[in-house]
Protein chains: 2
Amino acid sequence: MNKADLVTEVHRLLGEGSSRAAAERASNSVLRAIKRGLKKDGEVHLVGFGTFFISQRSARNGYNPHTRQPMRIPAIKLIRFKASSNLRAAR
Amino acid sequence: MNKADLVTEVHRLLGEGSSRAAAERASNSVLRAIKRGLKKDGEVHLVGFGTFFISQRSARNGYNPHTRQPMRIPAIKLIRFKASSNLRAAR
DNA sequence: CAGTCACCAGATCGGCCTTGTTCATACGGT
DNA sequence: ACCGTATGAACAAGGCCGATCTGGTGACTG
């Protein structure tokens with residue numbers, strides 16, 4: 001499913017009274033809001049859907065897949081997602 | 001960040017012309033659309049945000065952390081999320 | 001149509017995942 | 001605005017899944 005398909009689905013869910021442009025604005029707004037929430041609190045908790053959260057990963061040893069030379073992968077912050085039981089049942 | 005806070009943020013992003021109820025409907029619609037996309041295609045690809053996808057995990061051996069007894073963890077479908085580079089930079 | 005974004009490969013080690021109960025908290029209806 | 005309900009987080013230990021590196025190609029976006 002693409003972003004365009006998502007907008008189409010949002011449009012359907014919003015009902016006849018809304019335009020496609022409104023559905024697109026809604027999609028972008030929600031995604032940006034999640035992004036800002038992550039940036040601000042480091043965690044976005046959505047009951048009935050799932051939780052986005054930032055987990056810290058320490059530095060470790062890795063490889064350059066092209067040259068196969070060993071290299072040090074620095075510590076990074078990883079954005080992860082835990083689906084709620086509700087979302088899991090919807091698969 | 002809670003769902004209520006997310007709705008508040010969406011409301012701000014949608015602008016003055018929209019009501020809070022509209023922001024709430026928008027949030028729910030987008031989340032439901034993602035859920036339906038996952039159910040339908042097993043994958044929701046959102047450029048500039050990330051990708052939700054269902055990964056099949058085969059059965060494996062594990063432990064019951066309560067009783068420490070070895071147990072067989074059955075194969076399940078797990079909903080995972082891979083953040084795009086854009087989202088990663090926004091942390 | 002042009003530019004940007006994500007996926008692919010192989011190898012390795014670190015961190016997640018499992019169960020079950022209790023408790024806290026968030027949701028949404030009245 | 002408040003309260004009841006229901007959802008999810010934490011915690012234990014150990015094995016196994018997957019995230020990560022680079023660079024080019026392909027698909028999608030606007």
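Given the structure is predicted, the values throughout are model-derived calculations rather than measurements. In what follows, chains are A, B, ... by sequence order, proteins preceding strands, each numbered from 1. Atoms considered below: every heavy atom in the structure, side chains included; atoms not considered: hydrogens, waters and symmetry mates.
Remark: B:S84 is not in phosphate contact with C:dC5, judged by side-chain N or O atoms under 4.0 Å from OP1 or OP2. Residue A:S58 places none of its side-chain N or O atoms closer than 4.0 Å to OP1 or OP2 of C:dG14. Residue A:K82 places no side-chain N or O under 4.0 Å from the OP1 or OP2 atom of C:dC16. Side-chain N/O atoms of A:H45 include none lying less than 4.0 angstrom from OP1 or OP2 on D:dT7. For C:dA6, one of the phosphate oxygens OP1 or OP2 lies less than 4.0 angstrom from a side-chain nitrogen or oxygen of B:S85.
Checked against ring-ring contact (aromatic ring centres under 6.0 Å, His included), A:F49 has the following partners two or more places apart in sequence or in another chain: A:F81.
Along DNA chain C, the nucleotide nearest to A:F53 and the one nearest to B:A83 differ in position, and the one closer to the 5' end is contacted by B:A83. Nearest-nucleotide positions on DNA chain C place A:Y63 closer to the 5' end than the other of B:N64 and A:Y63. Each of B:Q56 and A:G50 was matched to the nucleotide of DNA chain D holding its nearest heavy atom; the match closer to the 5' end belongs to A:G50.
Closest contact between the side chain of A:I73 and the listed nucleotides D:dG8, C:dC7, D:dC21 involves D:dC21. Comparing C:dG14, C:dC27, D:dT29 against the side chain of B:A4 picks out C:dC27 as the nearest. Each of D:dC28, C:dA26, D:dA13 was ranked by its minimum atom distance to the side chain of B:N2; first place goes to C:dA26. The side chain of A:K3 sits closest to D:dG30 out of D:dG30, C:dC16, D:dA9. Checking C:dT19, C:dG15, C:dG10 against every side-chain atom of A:R57, the shortest atom distance belongs to C:dG15. Nearest to the side-chain atoms of A:R80 among the listed nucleotides C:dC17, C:dC5, D:dT22 stands C:dC17.
Remark: the B:H66 side chain and the C:dT19 base include no donor-acceptor N/O pair separated by less than 3.5 Å.
In this structure, B:I76 places its CD1 atom 9 Å from C1' of C:dC17, rounding to the nearest Å. For the pair B:I54 CD1 and D:dC17 C1', the interatomic distance rounds to 18 Å; values are reported in whole Å. Rounded to whole Å, atom P of D:dA9 lies 8 Å from atom CD of A:E43. B:N86 places its CG atom 19 Å from the P atom of D:dC28, with the value rounded to the nearest Å. If you measure from atom CZ of B:F52 to atom P of C:dA6, you get 13 Å, rounded to the nearest angstrom. Whole-Å rounding puts the B:R60 CZ to D:dA13 P distance at 17 Å. Note: CD1 (B:I79) to C1' (C:dC17) measures 16 Å, nearest angstrom. Atom CG in B:L31 sits roughly 12 Å away from atom P in C:dC27 (whole-Å rounding).
The closest side-chain donor-acceptor pair between A:R20 and A:T8 falls under 3.5 angstrom.
By the 4.5 Å heavy-atom criterion applied to side chains, B:R72 and B:N61 are counted as neighbours. Between A:N2 and A:D5 the shortest side-chain heavy-atom distance falls below 4.5 Å.
At the heavy-atom level, A:R68 lies nowhere under 4.0 Å from the strands shown. Heavy atoms of A:T51 sit under 4.0 angstrom from primed sugar atoms or phosphate atoms, though from no base atom. If you check every strand for non-hydrogen atoms under 4.0 Å, B:T67 touches nothing.
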Query - CA sep, side-chain torsions, deciding dist, call: A:K3, A:N28, side-chain contact (heavy atoms from CB on, under 4.5 Å) - result: CA-CA 10 Å; A:K3 191 170 188 178; A:N28 289 330; 3.1 Å; yes

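Looking at residues 20-30 of chain A, you'll see that no heavy atom sits under 4.0 Å from any atom of DNA chain C.
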